[in-house]
Amino acid sequence: MSAVAKLQNQKEQLLARLDNDPGPNERAEIQALLAKIETALKLLGTQDTAAAVDE
């Protein structure tokens with residue numbers, strides 16, 4: 001499984017946890033993790049684009 005696929009899988013799991021109406025502390029933790037995943041996905045997307053341009 002690629003890094004992007006793993007991150008997307010984690011994101012889906014976290015979004016499912018948000019749907020279960022977690023408490024405020026858990027919600028904040030989930031949102032922080034989602035922000036980190038979004039940043040990682042953006043960076044990986046940038047790297048993929050740069051690699052395609054270099055080829």
With rounding to the nearest 0.5 Å, note down the distance linking CD in Gln8 to CG in Leu44. 10.0 Å

Between atom NZ of Lys36 and atom CG of Leu14, what is the distance when rounded to the nearest 0.5 Å? 11.5 Å

By the salt bridge (charged side-chain N to carboxylate O under 4.0 Å, His left out) test, which pairs, at least two apart or in different chains, include something from residues 3-14? Lys11-Glu38

Report the residues that fulfil salt bridge (charged side-chain N to carboxylate O under 4.0 Å, His left out) with Asp21, sequence neighbours left out, ordered by chain and then residue number. Arg27

Quick one: does Leu34's side chain get under 4.5 Å of Ile30's, heavy atoms only? yes

Within-4.5 Å side-chain heavy-atom neighbours: Leu7 and Val4: no

Take Thr39 and Leu43 through the side chain to side chain contact (heavy atoms under 4.5 Å, CB included) test and state the conclusion after the steps. CA-CA 6 Å; Thr39 300; Leu43 289 172; 4.2 Å; yes

